[in-house]
Amino acid sequence: MNQPQAQQQMLSDLEVDMMTDLYNRLSTACHKKCIPPKYHEGDLNKGEAICLDRCVAKFLEVHDRIGKKLTSMYMQDEQMMKQMQQQQR
Amino acid sequence: MHHPRVRIKMEGLTPEQKSQLEISQFKQFLSTYNQVTESCFGDCIHDFTTRKITKDESECCSHCLDKYIKFTQRVSQRLQEHYQQTAATQ
């Protein structure tokens with residue numbers, strides 16, 4: 001495998017790992033929040049189903065928001081570093 | 001149990017990549033298996049005066065697993081919808 005291809009592979013592996021991790025965390029969180037530990041029936045009841053839909057949507061929205069915030073913080077940091085480096089010259 | 005994005009990516013892979021993917025999916029399955037066992041055991045098994053699993057406990061466990069499977073299906077479906085939406089807006 002040549003260099004760019006290997007890098008591409010690594011990136012897509014990382015993406016799959018990230019998404020699997022996100023899925024696992026989301027599952028654990030929403031199971032905890034929406035499924036009470038009493039199992040009178042094997043079906044999701046209406047309340048649980050609605051809770052679950054909202055939980056997934058909210059989890060993903062929080063994920064998006066934090067992602068945006070982190071990206072902007074990271075960018076600010078980068079710019080600061082660049083400015084400091086320029087000042088030192 | 002299964003990951004929505006992983007299923008889509010199956011096509012157009014080399015045999016080596018395919019077997020790697022299958023291994024990681026199997027790993028995910030095993031870890032889910034243990035997780036469900038832990039969670040249903042924790043929620044359903046309370047009586048340690050007998051060695052046998054009681055009828056209530058057994059029913060609870062089977063409902064717990066059924067519910068977990070339906071839970072997983074619903075979460076996967078919603079996630080897939082989310083990814084499709086974000087892919088469409090990009």
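All chains are named by letter (A, B, ...) in the order of the sequence lines, taking the proteins before the strands, and each is independently numbered beginning at 1.
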> Under a 4.5 Å cut-off applied to non-hydrogen side-chain atoms, are B:Lys27 and A:Thr20 in contact?
Replying inline: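 Contact flag for B:Lys27/A:Thr20 side chains = no.
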
> With only heavy atoms counted, which part of A:Ala57 is less than 4.5 Å from chain B, the side chain, the backbone, both or neither?
Replying inline: neither

> Which answer fits A:Asp64, side chain, backbone, both or neither, if we ask what part of it has an atom under 4.5 Å from a heavy atom of chain B?
Replying inline: side chain

>> Does B:Ile53, at its CD1 atom, have more than 12 non-hydrogen atoms belonging to other residues, nucleotides or ligands within less than 6.0 Å?
In response: no

>> Does A:Gln8, at its CD atom, have more than 12 non-hydrogen atoms belonging to other residues, nucleotides or ligands within less than 6.0 Å?
In response: no

> According to the side chain to side chain donor-acceptor pair (under 3.5 Å) rule, which pairs have a member within residues 68-88 of chain A, sequence neighbours left out?
Replying inline: none

>> Less than 4.5 Å to any heavy atom of chain A: does that hold for the side chain of B:Cys44, its backbone, both, or neither?
In response: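 Interface part for B:Cys44: side chain.
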
> Which atoms of B:Thr86 come close to chain A, meaning under 4.5 Å heavy atom to heavy atom: side chain ones, backbone ones, both, or neither?
Replying inline: neither

> Is it true that A:Ile50 and B:Leu79 fall in one hydrophobic cluster, defined by side-chain heavy atoms closer than 4.5 Å?
Replying inline: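 A:Ile50 and B:Leu79: separate clusters.
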
> If you group Ile, Leu, Val, Met, Phe, Trp and Tyr by side-chain heavy-atom gaps below 4.5 Å, do A:Leu70 and A:Val62 land in one group?
Replying inline: yes

> How many angstroms lie between atom CG of A:Leu60 and atom CZ of B:Arg78, to the nearest 0.5 angstrom?
Replying inline: 11.5 Å

> Which one of A:Leu22, A:Leu52, A:Val56 has the most heavy-atom pairs closer than 4.5 Å to chain B?
Replying inline: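 It is A:Leu52.
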
Taking distance alone, no hydrogens or angles, what donor-acceptor pairs closer than 3.5 Å link side-chain atoms of residues 27-45 of chain A to residues at least two apart or in another chain?
from, atom 1, to, atom 2, distance (Å)
A:Ser27, OG, A:Tyr23, O, 3.3
A:Thr28, OG1, A:Asn24, O, 2.8
A:Tyr39, OH, B:Asp43, OD2, 3.1
A:Asp43, OD1, B:Lys70, NZ, 2.5
A:Asn45, OD1, A:Gly47, N, 3.2
A:Asn45, OD1, A:Glu48, N, 2.9

